Structure formats: C-alpha cells, structure tokens
Peer 1: 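Once you've had a glance at the structure underneath, I'll fire off some questions.
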Amino acid sequence: MHIDPRVARDGERVGDLVWNDRDARWDPVNEPARAIRRSDDCPGWVLEADVALNAQLVAEAPPNGSAPARMPHLAAPNGESGARPLVGLDLDHDLEPLPVLLDGLFLERDLGLFCGTTGEGKTTMLAAVALGLASRRAPWVGGPVPERVAPVIYLDAEMGPHATTRTFKRLMVAMGLDRKPEALLVVSAPGEVSLVSPEGVQRIEATLLDWTQRHQGLGPPVLFLDTLSAVLAGLESFNDAALVEPVYRRLFGWRDRLACTIALSHHPRKRGRWESGAPTLDQVRDTSTHVGKASVVWFAEKPARGASCLDIHTLKHRGRDAIPVQRIAYRSEGNDAAIHLSGEEAPQPEIEGELERAEKSLADFVRLRGAGGARRAELLAFADAERIRERTAKRALAALLGLGVVTQKTGDGKTHRGQCWLTRPRSDLFEEGTDDGL
C-alpha cells in the first residue's frame with residue numbers, strides 16, 4: 001500500500017491507516033494489525049499500535065471533552081480513569097549479540113551525529129554510506145560490507161536537487177552501480193524537509209512509513225538528514241534544550257517504534273587560535289544540546305589543508321568499541337568523473353601513558369647498551385617487542401633527544417642524524433659557549 005507523503009488532516013484515512021494529528025503519525029485502524037508487518041528475520045522491528053485500547057479510549061472519552069481521545073497513557077489497565085504504570089525492562093533473558101549494521105560506523109537503532117566542516121566531504125561520505133547500505137556493498141574500497149540491505153531514505157535539506165544528483169551519480173559509477181539501488185530513496189527539498197514545522201514533520205514521517213512498508217521484507221529503515229541546521233531552520237536557538245527537545249523526542253519515537261537508524265550531518269564550531277590537534281566533542285556546534293542525544297558522534301576533517309583524504313574521528317560510541325580514526329581517500333579524474341573512495345591506514349591517537357612508557361623503556365635500553373649505543377633498527381625492534389607502536393617510539397626518541405637524555409652520533413663521534421643512539425653524559429648537557437641546558 002502506498003501512503004502519499006503529503007500533509008494530512010486529523011482523522012484522514014489512507015487504506016488501513018488514519019492520521020493522528022496530536023502525535024503527528026499514522027495509526028492503524030479497524031484491526032489490531034501493524035503498520036509494518038513483523039518479519040521472521042527481523043523480530044521486534046515493527047510499528048505496533050494497540051487498536052483495541054485506542055477504540056476503548058475513544059468510547060470512554062469524558063463528555064466534557066477535558067481529556068482528548070486516543071491517549072493510551074491516560075487509561076488504566078482495568079479501563080478505569082488514571083495513569084497507566086510504566087513497564088519495566090526484561091533483564092532475565094540472555095544477552096543479545098551487538099546489532100551491528102555497518103561495522104565501524106552504525107549499530108541498529110543508532111542516532112548518529114556526523115560532524116564536519118563545509119566543503120570537506122561529509123556529504124559525499126554520507127551519500128556513499130547510504131548507497132552501500134541500500135545495495136549491501138562496501139561504501140569505499142576496503143571498507144566494511146553492511147550486515148543487510150536496508151531501506152534507506154536520504155533527505156537533503158541544503159544542497160539542492162542538482163548538486164545532490166551529481167554526487168550520487170558520480171559515486172554510483174565508482175561503486176559499479178548501473179542503476180539506483182531499489183531500496184534507496186533520495187529526496188532533495190530544501191525548505192520543505194523540516195523537523196520544526198508540523199507540515200515538514202508530517203511529510204517526513206509519511207515518507208518514512210511509506211518507504212519502509214514498500215520494503216518491509218528488508219527490515220528497519222535508515223534515515224539520513226543532511227544537514228541538522230537546515231532541518232532545524234526556524235528555531236530561535238539550536239542550543240536551547242527546551243526548543244530542541246521536541247525534535248529529538250520525534251527522532252527517538254521513529255527510532256523506538258520503527259527500529260529506525262538515523263544519521264544527522266552537522267557543522268563544527270570554529271576552532272579558537274589556541275586549539276590544535278585531534279578534534280574533541282567540544283568542537284561540535286551546540287555541543288551540550290546535541291551530543292548528549294546521539295549514541296555515536298563522528299568528526300570528519302582533512303588531516304592537512306589540501307589533502308585528498310578525510311579522517312573520521314569517533315568521538316562518542318555508546319555501547320560498543322570503536323575505531324578511533326578512519327582515513328578515507330578521495331580520487332576523481334575531473335568534475336564529471338566518478339568519485340572513488342578508498343580506505344587508508346590512519347594514525348591512531350596515543351594511548352594514555354603510552355608515550356611516557358616508551359620514553360622510559362627506550363632510555364633504559366640505550367643505557368644498557370653502554371658505549372656501543374643502539375642502532376635505529378634495534379631500537380624499533382625492541383619497541384615492537386615491548387608492544388610500543390613505531391609512531392610512538394619515534395616520538396619518544398625525538399623527545400629524549402630534545403631533553404638531552406640521548407644523542408645521535410656516527411662512527412667518527414660527530415653529532416649527526418646517524419644510525420647510532422648513545423646515552424648522553426651529564427657533562428655534555430651544557431655546550432661550551434652557551435648557557436642552554438636542561
């Protein structure tokens with residue numbers, strides 16, 4: 001059944017669904033059926049409404065109209081007036097396996113925030129992920145393959161139809177897709193895709209329900225909203241919790257009722273002059289309001305100005321281990337050519353205390369070698385045996401050299417960028433003619 005994604009009036013019926021204006025959603029009518037049928041492969045991934053209780057509440061609505069009909073939370077289990085008690089979680093069943101959707105990025109039912117500076121490639125990256133999920137292909141060469149084909153709805157609220165179409169078409173060529181994946185719906189409607197206006201919310205939910213029903217055998221949907229600032233246009237403040245809370249209540253409702261996975265693209269705040277190094281959660285725009293709502297937060301940035309790759313830093317990862325940094329390289333032969341994405345080895349952040357441990361271990365190793373010193377290859381082999389990463393070992397040696405703990409010398413005894421590292425005698429810490437020292 002097709003549900004027309006348009007503005008509906010309260011009580012308007014489409015097939016076996018009726019529009020609920022209060023909750024801004026489609027409810028089943030006539031039978032205790034499901035808006036999305038339960039699948040044997042996807043237990044629990046359904047949108048269910050207790051139609052019998054709905055009918056009971058309509059019949060028992062107070063005659064003075066003081067309480068609206070169809071409000072299940074106002075009905076007691078025995079049909080008398082009063083609040084329904086909250087239902088506790090079942091903690092007696094076995095622990096279920098982690099519901100991975102796309103390894104290294106998404107779990108099922110994630111609400112993810114993908115943050116990145118304008119023009120650095122976050123939209124291209126999310127479009128590639130959307131194509132991968134809808135076709136069960138790796139979104140980039142060497143990347144993870146999704147656990148299943150998912151019904152994907154990609155809603156562009158910023159770039160416009162022309163730019164969005166070009167991005168997807170260029171990625172499709174690189175991924176070997178002759179046609180759009182059947183499970184992928186791409187909509188570009190700047191000004192219409194909104195989580196603030198009632199009309200915008202109704203259209204998004206109607207589209208989400210319609211597309212999920214069309215592909216009900218594939219399991220829960222994945223919704224991309226690009227960008228968060230565009231779909232929140234009209235709010236007086238993006239960082240006002242009271243204004244933003246209803247928006248996330250709506251997103252959580254889709255997540256919990258549809259088992260929907262949601263990805264929001266977002267912008268960072270500008271770095272201060274004093275800030276450098278790897279990004280942190282504080283650099284996400286309106287941090288206090290949005291980061292706390294997300295189950296996973298990524299920050300994408302180029303490692304250097306003009307670099308043809310993007311480093312994706314995982315800054316928050318609720319309920320799972322994560323890859324700290326993933327580097328995705330970008331290659332294209334021209335403005336109209338395919339966009340090729342491929343995974344590359346990315347430098348991982350230091351483990352807390354690892355650099356200090358490396359400095360002590362390497363200094364002790366050089367000291368034990370005595371006057372003969374230690375060659376670079378021997379130092380790196382020792383570091384590897386001690387489970388010290390090569391990058392950390394090189395940083396530790398540079399720090400020891402700067403502190404004067406060790407020095408580099410060639411066979412003739414002259415200080416040089418040579419192969420041999422020696423312990424530096426205390427008498428050598430102060431060079432003749434200078435007042436520099438430790």
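Remember, it's a predicted structure, so these values are computed and weren't measured experimentally.
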Peer 1: Tell me, do Thr117 and Pro268 make a side-chain contact under 4.5 Å, heavy atoms counted?
Peer 2: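 Yes, at least one pair of side-chain atoms sits under 4.5 Å.
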Peer 1: So, Thr164 side chain and Gly160 main chain: donor-acceptor pair closer than 3.5 Å or not?
Peer 2: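 Indeed, once roles are kept as given, a pair shorter than 3.5 Å links the two residues.
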Peer 1: Determine whether a donor-acceptor pair (N or O, by modelled atom type, separation under 3.5 Å) exists between the side chain of Lys316 and the backbone of Val296.
Peer 2: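 Between the backbone of Val296 and the side chain of Lys316 there is no qualifying donor-acceptor contact (under 3.5 Å).
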Peer 1: Hey, are the side chains of Leu177 and Leu131 touching, using non-hydrogen atoms and a 4.5 Å cut-off?
Peer 2: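 Yes, side chains in contact.
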Peer 1: Indicate yes or no for a side-chain donor-acceptor contact from Arg166 to the backbone of Asn335 under 3.5 Å, with no hydrogens or angles considered.
Peer 2: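 Confirmed, Arg166 side chain pairs with Asn335 backbone.
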Peer 1: With a 4.5 Å limit on heavy-atom distance, are the side chains of Trp211 and Pro221 in contact?
Peer 2: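 They are not in side-chain contact.
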Peer 1: Under the 3.5 angstrom rule, does the side chain of Arg136 hit a backbone N or O of Glu147 as a donor-acceptor pair?
Peer 2: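 Yes; at least one donor-acceptor contact below 3.5 Å.
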Peer 1: If you measure from CG on Leu223 to CD1 on Ile204, what distance do you get to the nearest 0.5 Å?
Peer 2: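 Leu223 atom CG to Ile204 atom CD1 measures 7.0 Å (nearest 0.5 Å).
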Peer 1: Do His266 and Phe114 pass the side chain to side chain contact (heavy atoms under 4.5 Å, CB included) test, and can you show the C-alpha distance, the side-chain angles, and the key distance before you say yes or no?
Peer 2: CA-CA 6 Å; His266 194 35; Phe114 194 91; over 6 Å; no
Peer 1: Using a cut-off of 6.0 Å, state whether more than 12 heavy atoms not belonging to Asp90 lie near its atom CG.
Peer 2: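 Above 12, so yes.
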Peer 1: Please report the C-alpha distance between Arg250 and Glu245 in whole Å, then the side-chain angles of each, then the deciding distance to 0.1 Å, and finally whether the salt bridge (charged side-chain N to carboxylate O under 4.0 Å, His left out) criterion is met.
Peer 2: CA-CA 9 Å; Arg250 177 75 55 188; Glu245 185 64 33; over 6 Å; no
Peer 1: Any side-chain heavy atom of Met159 sitting closer than 4.5 Å to one from Asp156?
Peer 2: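 Yes; the side chains approach each other to less than 4.5 Å.
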Peer 1: Nearest heavy-atom pair of Ala128 and Leu171: which atoms, and what distance?
Peer 2: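 Closest approach of Ala128 to Leu171, heavy atoms only: N-CD1, 3.7 Å.
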Peer 1: Determine whether a donor-acceptor pair (N or O, by modelled atom type, separation under 3.5 Å) exists between the side chain of Arg327 and the backbone of Asp311.
Peer 2: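 Flag not set: sc Arg327 to bb Asp311 has no pair under 3.5 Å.
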Peer 1: Taking all non-hydrogen atoms of both residues into account, name the closest pair between Lys180 and Met172 and its distance.
Peer 2: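 In this case the closest contact between Lys180 and Met172 is N-CE, 3.4 Å.
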Peer 1: Which pair of heavy atoms, one from Cys115 and one from Lys122, lies closest together, and at what distance?
Peer 2: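 In terms of heavy atoms, the two residues are closest at C-CD, 4.4 Å.
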Peer 1: Considering residues at least two apart in sequence or located in another chain, which fulfil the side-chain contact (heavy atoms from CB on, under 4.5 Å) criterion with Val196?
Peer 2: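 Ser194, Leu232, Leu235.
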Peer 1: So does Met175 get a backbone contact from the side chain of Arg137, meaning a donor-acceptor N/O pair under 3.5 Å?
Peer 2: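 Yes, the answer is positive, given that a donor and an acceptor are paired below the 3.5 Å cut-off.
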Peer 1: CG/Leu111 to NZ/Lys293 distance, rounded to the nearest 0.5 angstrom?
Peer 2: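 These two atoms lie 10.5 Å from each other.
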Peer 1: Set out, in order, the CA-CA distance, both residues' side-chain angles and the distance that settles side chain to side chain donor-acceptor pair (under 3.5 Å) for Ser308 and Arg331, then state yes or no.
Peer 2: CA-CA 7 Å; Ser308 58; Arg331 178 177 60 83; over 6 Å; no
Peer 1: Do Leu102 and Val129 pass the side chain to side chain contact (heavy atoms under 4.5 Å, CB included) test, and can you show the C-alpha distance, the side-chain angles, and the key distance before you say yes or no?
Peer 2: CA-CA 9 Å; Leu102 185 63; Val129 172; 3.9 Å; yes
Peer 1: Answer yes or no: is there a side-chain heavy-atom contact under 4.5 Å between Leu195 and Leu251?
Peer 2: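 The answer is yes; the side chains approach within 4.5 Å.
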Peer 1: Taking C-beta and beyond as the side chain, do Phe382 and Ser361 meet within less than 4.5 Å on heavy atoms?
Peer 2: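 Yes - at least one pair of side-chain heavy atoms lies under 4.5 Å apart.
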Peer 1: Within the side chain of His317, is there an N or O that forms a donor-acceptor pair under 3.5 Å with the backbone of Arg320?
Peer 2: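 The answer is yes, because a donor-acceptor pair under 3.5 Å joins these two groups.
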Peer 1: Does any N or O in the side chain of Glu378 come within less than 3.5 Å of the main-chain N or O of Arg375, such that one atom is a donor and the other an acceptor?
Peer 2: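 Side chain of Glu378 to backbone of Arg375, a donor-acceptor pair under 3.5 Å: yes, one is there.
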Peer 1: Assess the side chains of Glu158 and Thr227: does a donor N or O sit below 3.5 Å from an acceptor N or O?
Peer 2: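 Judged by distance alone, the side chains do pair up.
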Peer 1: Angle between ring planes, Trp298 versus Phe106, binned at 30° and 60°: parallel, tilted or perpendicular?
Peer 2: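 Ring orientation of Trp298 relative to Phe106: perpendicular.
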Peer 1: Check the pair Gln216 / Thr212 against side chain to side chain contact (heavy atoms under 4.5 Å, CB included), numbers first and verdict last.
Peer 2: CA-CA 6 Å; Gln216 55 190 347; Thr212 306; 5.9 Å; no
Peer 1: Could you pull out the closest heavy-atom pair between Ala183 and Ala150, with the gap in Å?
Peer 2: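 The pair with the smallest heavy-atom distance is CB-O, 3.5 Å.
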Peer 1: Verify the distance criterion only: is there a donor paired with an acceptor across the side chains of Tyr248 and His290 at less than 3.5 Å?
Peer 2: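 Yes.
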Peer 1: Using atom types as modelled and distance alone, determine if a side-chain donor or acceptor of Ser197 lies under 3.5 Å from a backbone N or O of Gly200.
Peer 2: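 The answer is yes, because a donor-acceptor pair under 3.5 Å joins these two groups.
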Peer 1: Should Glu205 and Leu209 count as side-chain neighbours, where that means a heavy-atom distance under 4.5 Å?
Peer 2: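 Glu205 reaches Leu209 side chain to side chain.
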Peer 1: Identify the two heavy atoms, one from Gly143 and one from Ala138, that lie closest to each other, and give their separation to 0.1 Å.
Peer 2: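 Distance-wise, the nearest heavy atoms are O-CB, 3.5 Å.
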Peer 1: What about Phe168 and Tyr154, are their ring centers closer than 6.0 Å?
Peer 2: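 So the answer is yes for these two rings.
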Peer 1: Nearest 0.5 angstrom please: His340 NE2 to Arg170 CZ, how far?
Peer 2: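 Here the interatomic distance stands at 9.5 Å.
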Peer 1: Just wondering, more than 12 heavy atoms not from His93 lying within 6.0 Å of its NE2?
Peer 2: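 Buried by this count: over 12 neighbours within 6.0 Å.
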Peer 1: How many angstroms lie between atom CD1 of Ile262 and atom CG of Leu208, to the nearest 0.5 angstrom?
Peer 2: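 If I round to the nearest 0.5 Å, the distance is 8.0 Å.
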Peer 1: Please evaluate residues Glu344 and Gln326 with respect to the criterion side chain to side chain contact (heavy atoms under 4.5 Å, CB included), reporting the C-alpha separation (whole Å), side-chain torsions for both, the decisive distance (0.1 Å), and the verdict.
Peer 2: CA-CA 8 Å; Glu344 293 186 349; Gln326 300 178 71; over 6 Å; no
Peer 1: Answer with yes or no whether the side chains of Thr261 and Asp110 bring together a donor and an acceptor at under 3.5 Å.
Peer 2: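 Result is no, nothing qualifies.
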Peer 1: Is the shortest heavy-atom distance from the side chain of Leu379 to the side chain of Leu362 under 4.5 Å?
Peer 2: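 In contact.
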Peer 1: If you round to the nearest 0.5 Å, how far is CD of Glu108 from CG of Leu101?
Peer 2: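 If I round to the nearest 0.5 Å, the distance is 4.5 Å.
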Peer 1: State the CG-CZ distance between Leu155 and Phe224, to the nearest 0.5 angstrom.
Peer 2: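 CZ of Phe224 is found 10.5 Å from CG of Leu155.
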Peer 1: Give me the atom names and distance for the closest heavy-atom approach of Gly319 to Leu107.
Peer 2: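 Smallest heavy-atom distance, with atoms named: O-CD1, 4.5 Å.
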